[in-house]
Amino acid sequence: MTVDVWDAHAAQRLAQAPPQPLESPGRMEWTQRPGIGPGAEILGHGLAGRRIVELGCGPGHTTAHLVGLGARAVGVDRSRGQIRRAKGHYGHLGCEFVNADAIAYLTREREPLDVIVSVFGAIGLAEPSKILSACSRRLDRKGVLAFSVPHPQRTGVIPASPHTLDQVALRDGTLAALKRWDIDPAAWARALNRAGLLVTGLHNLFAPADSRWPTTLLITARKP
Ligand SMILES: C[S@@+](CC[C@H](N)C(=O)[O-])C[C@H]1O[C@@H](n2cnc3c(N)ncnc32)[C@H](O)[C@@H]1O
């Protein structure tokens, strides 16, 4: 039986301790280290009242930050355990979290969205043409898509194949395999264009700041 990495990760975290209520984070993080690169301002100013969906929200920090800015943000994650963690941390702030596959959620709902975000989330883990087309269909005119993924050049070499199998270390020391779409910035730009989106920014982020190679690729795009 194949065990989902994130279900296993969430189960271990939940077994350790129930998720504690947290305050909404003061900054949006696009990398796995705090304080590096831009924050939520790259999504546009005046996020209050904006309809935002986070794909692959995990424990919900980004969704909670956006709700703290006044946005109507919903966090979506296909791992039931991750959604339990997100609700445990931020349910008390009125944040909405939905247990669903990102593409299924985008396809079954109809309301046009102002912003879609993914932070090391479903974009990069699902087949790019399918998830980008689903995002494009749901974005309103001038709507913004922004996502961060592990940088394809993080080891110094861009992988020859678009699929890489990463090893993820779980807290109990077990290594789990994770398949990701590790494609270079130009290939992301082509995939976004094919989905009907215009690239507005490509950022190579170094986290930690003294890394030899960029660790995070942050891309912004918009619906014409
Ligand atoms: C590395 S975690 C990132 C969590 C969160 N964005 C953060 O920065 O803390 C990736 C998350 O994406 C979720 N995920 C992966 N593929 C997904 C999909 N197709 N639909 C919805 N969620 C997905 C996983 O369950 C996991 O919680």
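Order of listing sets the numbers, starting from 1, for every ligand and every atom in it.
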| task | Going by the side chain to side chain contact (heavy atoms under 4.5 Å, CB included) test, name the single residue among Ile123, Val115, Ile219 that passes it with Leu145. | result | Ile123
| request: Determine, using heavy atoms of Asp77 and all atoms of ligand 1, whether some pair is separated by less than 4.0 Å. | output: yes
| field | Within-cut-off N or O pair, Gly56 and ligand 1, under 3.5 Å | value | yes
| message | With the threshold set at under 4.0 angstrom, would you say Ala100 reaches ligand 1 through any of its heavy atoms? | response | yes
| said: If you count heavy atoms of other groups shown closer than 6.0 angstrom to CZ of Arg138, is the number above 12? | reply: yes
| query | Has Glu54 got any heavy atom lying under 4.0 angstrom from an atom of ligand 1? | reply | yes
| task | Compute the centroid of each ring, for Phe206 and then for His151, and state whether the two points are separated by less than 6.0 Å. | result | no
| said: Checking side-chain polar atoms at under 3.5 Å, does Ser148 have a donor or acceptor matched by the opposite partner on Thr216? | reply: no
| note | In this structure, atom 24 (C) of ligand 1 is nearest to the protein heavy atom Trp6 CD1, 3.2 Å
| query | By number and element, which atoms of ligand 1 are closer than 4.0 Å to a non-hydrogen atom of Gly58? | reply | 4 (C), 27 (O)
| said: Looking only at protein heavy atoms, which one is nearest to atom 7 (C) of ligand 1, and what is the separation? | reply: Val119 O, 4.0 Å
| remark: With heavy atoms and a 4.0 Å threshold, my read on which part of Gln82 contacts ligand 1 is side chain
| Less than 6.0 Å separating the ring centroids of Trp181 and His163? | yes
| query | Distance only, no hydrogens: is a donor on one side chain within 3.5 Å (strictly under) of an acceptor on the other, for Asp172 and Gln12? | reply | yes
| Between the side chains of Ser129 and Glu127, does any donor sit under 3.5 Å from an acceptor? | yes
| task | Decide if the gap between the ring center of Phe120 and the ring center of Trp30 is smaller than 6.0 angstrom. | result | no
| CZ (Arg108) with more than 12 external heavy atoms under 6.0 Å | yes
| Looking only at N/O atoms, are Asp101 and ligand 1 under 3.5 Å apart anywhere? | yes
| message | Quick test: of every protein heavy atom, which one is nearest to atom 22 (N) of ligand 1, and how far off is it to 0.1 Å? | response | Arg78 N, 3.2 Å
| remark: Here the atoms of ligand 1 under 4.0 Å from any heavy atom belonging to Phe120 are 1 (C), 2 (S), 3 (C), 10 (C)
| field | Ligand-residue contact atoms, ligand 1 with Leu125, heavy atoms, under 4.0 Å | value | 15 (C)
| field | Ala102: numbered ligand 1 atoms lying under 4.0 Å from its heavy atoms | value | 18 (C), 20 (N), 21 (C)
| field | Identity and separation of the nearest protein heavy atom to atom 9 (O) of ligand 1 | value | Pro59 CD, 3.9 Å
| query | With only distance considered, is Asp4 within less than 3.5 Å of ligand 1 through an N or O on each side? | reply | no
| said: Residue-level breakdown please: for Ser118 versus ligand 1, do any non-hydrogen atoms fall below 4.0 Å on the side chain, on the backbone, on both, or on neither? | reply: neither
| task | For the pair Trp188 (side chain) and Ile183 (backbone), establish whether a donor and an acceptor sit closer than 3.5 Å, ignoring hydrogens and angles. | result | yes
